[in-house]
Amino acid sequence: MQALLTWLAANPYILLFAVVAGAVLLGKVTIKGYGFGMVASAIIVGAGLSAWASTYGIKMALDNFTKSMFYYLFMYGVGLRVGPSFINSLKGDGLKFTVLAVFCSILGLLGAVFFTKLWELPAGAAGGILAGSMTMSAAIGSAEEAVRQGVFPLKDGQTFETVSGMIALSYGLTYIWGTVGIILICKYLPRWWGIDAKAAAKKYEEEEGVPNVDDAQLTGYRPGALRAYQLTNAEVVSKTVRQFLERHPEYKIANVRRGSENLGAPDDLVLQAGDIVVLGGRLDAMTSKMGLIGPEVADDKALNVPLDQAEVLVTEKTLEGRDLGSLRNEPFAGQVGLQKIERGGVSIPVGLNLKLQRYDVVFVVGLKSAVEKFAAMAGRIARPSTATDLLTLSLGMILGFLIGAISFPLAGSKVGLGNAGGLLVSGVIVSSVASRLRFFGNTPNAARNILEDLGLVVFIAIVGVNAGAGLISQLTGSVALYIFLAGFICTTIPPILVWAIGYHLMKINPAVLMGGVAGARSHSGPAREAAKEIGSSVPWIGFPVGYAVSGVLLTVFGYLAMVLSK
């Protein structure tokens, strides 16, 4: 075994991805649905392997440049993800969830600093407690940034490595309850308050027309239909397409085939006997007036109507605040199918009373002409693409480093966002602008996920490996216990207070508030478990805004936790 550990220490790249692979495998292990997850597992595997090697006198260490590079990519990816949500966080109900997220994040920060000073915990504990109890792994990097910049001065005998190791150790000790605790709290808070969250969700679904999409089953039923008929009815012959639709608004003419030619469906086209008319509409409407045009025919050429698929960004103010049900009488109704709506990068439950907001992304499929009509009314159209705009990525990274270089005097020293904070801000700027213009900066979800997932797990793995050798000397029973208790309190108290404020003062629907609490803690797991607990997708309504706001704040607060705890 010593020979294997020596070989791994001599081959750092193999060591790195061995730790990443181990983290992925350990992260998949669950007990009754609960597990460490990939990120926390990276600390455990990396630190454990390094500490084990140190018992043989073998020092494992990985390049700090690599660690920083992957962390910076992660931070830029986070900015890209949360950027569009900030627009919606500053108006309407978004303000409520913004306030809750700010309140929860500040409580977590103050708690981590307070207990670090109260129990005189080692340097670095505050940043790690905040990162672990709030399950915000990115805060590890911003806490290290404070040490690297010198705003957290090192005392005699302290080194960057020892402080970084304590950040990692504190994170690992508090992350487990930080993950499991918030899930249990979100699931059972309504019961503790004597509230029937299932009934609240049902009421919300009825009021807003939101189906329970989480429990949707595969079915052969389709509400829309497209059928072809041969025109034989004299009452329809010689009518224009527009005249027909004015008299029968429940239908849409998708195509007219005359002889061997497809004529489309322009408003002024005069229908003639023998034409093959392709009608679209709801299934019940299609069967209510049998024989209106003539006998149904299986004309594959007439029914070969080109379809289109697009993502439509809502930018027009005239559409903001309109519910989906109000669009049923628009010219494109019946010709466009709504697949999903994303708000702040998160899919939200869709219902007839859902009000559209600017910068929502509406995923539609339907007749090409109808999709274009909807896009012209709503804002801008974007075609799904797997290509990544590397030019914008490069310029965005440069912008982030420039922003991070800006500093200002504070408490006798110069303080700035640093590279990590600058890249976070840059990502927010780029994604916000790209969400409006949609002609540059394309970063598909898969590419952004690679930036975030690989960037974070590699960064955490390196932190664990580099910290592992010093863990044995730093860890004592009393220190570990105090750190765990601090994390337990910082995990448990803030979401309970957020719930009380949201329910009693803001009067938020309890089912929606369950997701709001999860968003304020920047953790999707509790929202998912809450939805399962009450059998409804309603909790996801309250999740996106708080998730974006707390994600940014908690990342920055890792830096502040170190500054305030010195």
Side-chain angles (χ1 to χ4, degrees), residues 78-79 81-114 130 133-136 138-139 178 181-182 185-186 189-190 192-193 195 197 200 204 208 320-321 343-346 348 354-355 357-360 421 424-425 428 432 489-527 530 538-561 564:
V78 170
R81 171 171 51 82
V82 304
S85 297
F86 280 97
I87 302 298
N88 293 330
S89 70
L90 301 176
K91 57 186 177 182
D93 288 341
L95 279 175
K96 295 180 180 180
F97 296 111
T98 298
V99 170
L100 294 178
V102 171
F103 178 71
C104 186
S105 300
I106 291 177
L107 282 182
L109 169 65
L110 296 179
V113 173
F114 173 77
L130 176 72
S133 64
M134 292 289 168
T135 58
M136 179 46 63
I182 186 59
I185 290 169
C186 279
L189 265 172
W192 299 342
W193 250 256
I195 298 170
Y204 188 92
E208 302 298 326
E320 185 174 19
R343 182 169 294 167
V346 177
I348 59 174
L354 175 70
K355 291 180 172 55
Q357 296 182 9
R358 293 182 74 192
Y359 311 118
D360 282 350
L424 179 67
V425 172
V428 169
S432 297
I489 296 171
C490 292
T491 292
T492 307
I493 301 301
I496 294 177
L497 295 179
V498 165
W499 170 271
I501 293 172
Y503 180 69
H504 293 291
L505 297 182
M506 297 182 175
K507 308 298 182 182
I508 299 174
N509 180 288
V512 177
L513 185 56
M514 293 172 80
V517 173
R521 268 290 315 278
S522 195
H523 195 339
S524 61
V538 167
W540 290 106
I541 296 288
F543 179 75
V545 169
Y547 180 62
V549 174
S550 62
V552 172
L553 287 180
L554 289 171
T555 298
V556 175
F557 283 179
Y559 186 97
L560 291 179
L564 296 175

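Model, not experiment: these values are computed from the prediction.
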Q: Looking only at non-hydrogen atoms, find the nearest pair between M514 and C186 and report the distance.
A: CE-O, 3.2 Å
Q) Any idea which heavy atoms bring K355 and D360 closest together, and the distance? A) O-OD2, 4.5 Å
Q. How many angstroms lie between atom SG of C104 and atom CD1 of I493, to the nearest 0.5 angstrom?
A. 11.5 Å
Q: Kindly write out the residues that satisfy side chain to side chain contact (heavy atoms under 4.5 Å, CB included) with L553, not counting sequence neighbours, or none if the list is empty.
A: V102, S105, V549, F557
(Q) Rounded to the nearest 0.5 Å, what separates atom CD1 in I541 from atom OH in Y204? (A) 4.5 Å
Q: Could you pull out all residues at least two apart from L107 that satisfy side chain to side chain contact (heavy atoms under 4.5 Å, CB included)?
A: F103, P494, L497
Q. Should L513 and L100 count as side-chain neighbours, where that means a heavy-atom distance under 4.5 Å?
A. yes
Q. Atom NZ of K96 and atom CG of L505: how far apart are they, to the nearest 0.5 Å?
A. 11.0 Å
Q: Using the side chain to side chain donor-acceptor pair (under 3.5 Å) rule, collect all pairs that involve residues 496-520, keeping only residues at least two apart or in two chains.
A: W193-H504
(Q) Does F97 form a side chain to side chain contact (heavy atoms under 4.5 Å, CB included) with V512? I'd like the steps, not just the answer. (A) CA-CA 10 Å; F97 296 111; V512 177; 3.7 Å; yes
**Q.** Nearest heavy atoms of G519 and S550, plus distance in Å
**A.** O-OG, 2.7 Å
(Q) Quick check against the 3.5 Å criterion: does T491 have a side-chain atom that pairs as donor or acceptor with the backbone of I182? (A) no
Q | A138: side chain to side chain contact (heavy atoms under 4.5 Å, CB included) partners, not counting sequence neighbours | A | Y71, F74, M75, M136, T555
Q | Closest contact, heavy atoms only, A511 versus V538 | A | CB-CG1, 3.8 Å
Q.
Going by side chain to side chain contact (heavy atoms under 4.5 Å, CB included), name the residues that satisfy it together with T135, two or more places apart in sequence or in a different chain.
A. Y175, T179, R521, H523
Q) Roughly how far, to the nearest 0.5 Å, is CG of L130 from CG of L554? A) 6.0 Å
**Q.** Closest approach of F543 to A527 (non-hydrogen atoms, all atoms of both residues)
**A.** CD1-CB, 3.9 Å
